[in-house]
Amino acid sequence: MIRKVMMKVMIPPISRIVSFVLKYLFPGYEKVIFVASTGRSGTGSISRLFASIDDVCSLHEPEPVIGGATMIEKNKGNEHLARKIYTNVKSNMIRLERLTGKRIYFESNHMFIKSFIEYAVEDFGNKVTVIHLYRNPVSVAKSLFDLQMIPGTERANEWYLDYKGNGNQIRIAEILDTNERFAHDFYKCLWYWYEIEARVSFWKNRYKEIRFVDFKTEDLGKYGCVKELLQELDIKYDEKKIRSNMDKKFNLKVSEKVVTLDVKEAQVMHQSFREMLKEEGYGLQKFGEE
């Protein structure tokens with residue numbers, strides 16, 4: 001209820017008053033952790049995992065998500081609305097969660113790397129840690145394709161980037177639009193995976209003072225890997241609670257998959273896509289799959 005009310009009143013000058021109160025009169029977080037991900041990579045599962053830790057306020061895609069038209073406009077270079085929503089609403093909503101008594105804030109939201117990473121770092125400074133959660137490119141792209149969430153189409157614009165956006169790191173729109181060899185929509189889904197990885201690489205280089213921790217989706221089901229992650233983040237946890245919440249698949253959307261692409265065919269197309277990226281001068285060492 002508080003969240004719904006605050007969403008409606010977070011407008012200047014009210015938001016400035018709330019921001020002052022929350023920033024300077026309430027205790028802050030010890031850590032603010034965000035997930036950088038393509039989506040379709042276990043963001044729901046990792047949120048549930050962190051929710052089982054007593055001292056963590058763990059949220060999966062909380063409002064305002066900062067997606068949809070706001071994300072697309074930011075990707076075109078028009079960042080005014082994204083910054084306004086973060087400053088007037090999201091920043092305050094994050095701080096409001098401190099009223100739960102939790103010392104660590106955790107948010108798995110794949111809009112983070114697309115829409116508001118720089119605002120969060122400006123806001124929370126070196127308290128920010130980024131978990132780079134990644135799944136192999138063929139699996140992510142195939143999931144998007146099977147759901148017919150094709151980047152650059154109206155149905156996908158709520159959550160995914162447009163391959164024609166001015167803010168893209170990988171600019172191959174002409175190839176995807178005019179080259180018959182890459183006319184299949186699966187290539188747009190592959191582009192999306194590589195674009196997100198390129199953005200992660202960009203921000204890693206930009207924010208040397210911020211910790212980025214790489215973690216594979218497949219390791220969510222391996223206690224040893226989860227234990228190493230939590231130890232690296234210096235987070236105390238109850239082993240029994242962690243084990244009971246490991247690898248619980250979330251948001252699979254099996255019933256929503258309208259078409260399927262053969263895995264072997266997808267792998268062949270992926271290899272062709274990688275060769276094209278090399279030809280276009282995009283070094284593959286920045287992409288965390290290898």
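Position 1 is the first residue of the sequence; numbering continues from there.
- Between K264 and V268 there is no side-chain heavy-atom pair separated by less than 4.5 Å.
- A search for side-chain hydrogen bond (donor to acceptor under 3.5 Å, both in side chains) contacts involving K142 returns D146, not counting sequence neighbours.
- In this structure, I235 and I33 have side chains that are in contact, with non-hydrogen atoms separated by less than 4.5 Å.
- S41 places a side-chain N or O within donor-acceptor distance of the main-chain N or O of G39, the cut-off being under 3.5 Å.
- Taking all atoms of both residues into account, the shortest heavy-atom contact from K90 to P64 is NZ-O, 3.0 Å.
- Partners of Y163 under the ring-ring contact (aromatic ring centres under 6.0 Å, His included) rule, at least two apart in sequence or in another chain, do not exist in this structure.
- For R83, the side-chain hydrogen bond (donor to acceptor under 3.5 Å, both in side chains) test picks out E122, with sequence neighbours left out.
- L144 CG to L261 CG: the interatomic distance, rounded to the nearest 0.5 Å, is 12.0 Å.
- In terms of hydrophobic clustering, with Ile, Leu, Val, Met, Phe, Trp and Tyr side chains grouped at heavy-atom distances under 4.5 Å, I53 and Y223 are assigned to a common cluster.
- Applying the salt bridge (charged side-chain N to carboxylate O under 4.0 Å, His left out) definition to pairs two or more places apart or across chains, those involving residues 170-184 are R181-E275.
- Rounding to the nearest 0.5 angstrom, the gap separating the SG atom in C189 from the CE atom in M149 is 10.5 Å.
- Judged purely by atom type and a 3.5 angstrom limit, R135 uses its side chain to pair as donor or acceptor with the backbone of R40.
- A donor-acceptor pair is defined here as one N or O able to donate and one able to accept, closer than 3.5 Å; such a pair exists between the side chain of K127 and the backbone of Y29.
- Heavy atoms only, all atoms of each residue included: D123 and S91 are closest at OD2-OG, 2.7 Å.
- Within the 4.5 Å cutoff, the side chain of W193 has no heavy atoms near those of the E195 side chain.
- Counting heavy atoms from C-beta outward, I175 and E279 have side chains that stay 4.5 Å or more apart.
- For D219, the side-chain contact (heavy atoms from CB on, under 4.5 Å) partners two or more places apart in sequence, or in a different chain, are F215, K216, K222, C225.
- Remark: side-chain polar atoms of R211 are not paired, donor with acceptor, to backbone N or O of T129 under 3.5 angstrom.
- Under the 30°/60° scheme for interplanar angles, the aromatic rings of F112 and F116 are found to stand perpendicular.
- Residues R48 and S52 bring no donor and acceptor atom of their side chains to less than 3.5 Å of each other.
- Residues meeting the side-chain hydrogen bond (donor to acceptor under 3.5 Å, both in side chains) test with Y119, sequence neighbours left out: E79.
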Check step by step if side-chain contact (heavy atoms from CB on, under 4.5 Å) holds for E107 and E61.
-> CA-CA 7 Å; E107 179 174 328; E61 296 172 0; over 6 Å; no
Please step through side-chain contact (heavy atoms from CB on, under 4.5 Å) for the pair W159 and V65, ending with a clear verdict.
-> CA-CA 9 Å; W159 295 102; V65 178; 3.6 Å; yes
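- Rounding to the nearest 0.5 angstrom, the gap separating the NE2 atom in H60 from the OG1 atom in T43 is 3.5 Å.
- In terms of modelled atom types and a separation under 3.5 Å, the side chain of R199 and the main chain of A36 share no donor-acceptor contact.
- Between the side chains of H80 and K84, not a single donor N or O lies within less than 3.5 Å of an accepting N or O.
- A donor-acceptor pair is defined here as one N or O able to donate and one able to accept, closer than 3.5 Å; no such pair exists between the side chain of K188 and the backbone of P151.
- Looking at heavy atoms from C-beta onward, Y105 lies out of side-chain contact with R95 at the 4.5 angstrom threshold.
- Panel note: side chain W191, backbone I170; a donor-acceptor pair is recorded below 3.5 Å.
- The structure places CD1 of I242 at 12.0 Å from NZ of K227, a figure rounded to the nearest 0.5 Å.
- Shown are V130, I117, I210; of these, the side-chain contact (heavy atoms from CB on, under 4.5 Å) with W203 is made only by I117.
- In this structure, F34 and I113 have side chains that are not in contact, with every pair of non-hydrogen atoms separated by 4.5 Å or more.
- Annotation: side-chain contact (heavy atoms from CB on, under 4.5 Å) contacts of F202 (sequence neighbours excluded): Q169, R206.
- Using a 4.0 Å cut-off between charged side-chain N and carboxylate O, K240 and D238 make no salt bridge.
- No side-chain heavy atom of E239 sits under 4.5 Å from any side-chain heavy atom of L230.
- Smallest separation of non-hydrogen atoms from Y160 and T38: CE2-O, 3.8 Å.
- Between V226 and M246, the closest heavy-atom pair is CG2-CE, 4.4 Å.
- In this structure, CG on L59 lies 9.0 Å from CD1 on I94, to the nearest 0.5 angstrom.
- Closest approach of N126 and E209 over heavy atoms only: CB-O, 4.4 Å.
- Scanning for side-chain contact (heavy atoms from CB on, under 4.5 Å) contacts around D234 gives K31, with sequence neighbours left out.
- Among residue pairs with one or both ends in residues 167-190, those qualifying as ring-ring contact (aromatic ring centres under 6.0 Å, His included) are F145-H184, F182-Y187; sequence neighbours excluded.
- Side-chain contact between I172 and F273 is present, with at least one heavy-atom pair separated by less than 4.5 Å.
- Residues passing the side-chain hydrogen bond (donor to acceptor under 3.5 Å, both in side chains) test with N157, sequence neighbours excluded: none.
- A side-chain donor-acceptor contact under 3.5 Å links S244 to the backbone of K241.
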Might you work through the side-chain contact (heavy atoms from CB on, under 4.5 Å) test for L233 and F50, ending with a clear yes or no?
-> CA-CA 12 Å; L233 296 174; F50 273 80; 3.9 Å; yes
After noting the C-alpha distance and the side-chain angles of D55 and K236, does the key distance pass the side-chain contact (heavy atoms from CB on, under 4.5 Å) rule?
-> CA-CA 8 Å; D55 216 14; K236 297 178 181 178; over 6 Å; no
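- Qualifying side-chain contact (heavy atoms from CB on, under 4.5 Å) partners for D214, counting only residues two or more places apart in sequence or in other chains: H132, Y134, K204.
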Using residues 67-74 as the side-chain source, report each donor-acceptor pair under 3.5 Å to any protein atom, sequence neighbours left out, with the distance given to one decimal.
unit_1: E73; atom_1: OE1; unit_2: N78; atom_2: ND2; d: 2.7
unit_1: E73; atom_1: OE2; unit_2: K76; atom_2: NZ; d: 3.4
unit_1: K74; atom_1: NZ; unit_2: E118; atom_2: OE2; d: 2.8

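- Considering every non-hydrogen atom in both T87 and N92, the closest pair reads O-ND2, 4.1 Å.
- Put simply, OG on S47 and CG on N245 are 10.5 Å apart, with the number rounded to the nearest 0.5 Å.
- Without hydrogens or angle criteria, N168 side chain to D162 main chain gives a donor-acceptor distance under 3.5 Å.
- Side-chain polar atoms of R274 and Y194 form a donor-acceptor pair below 3.5 angstrom.
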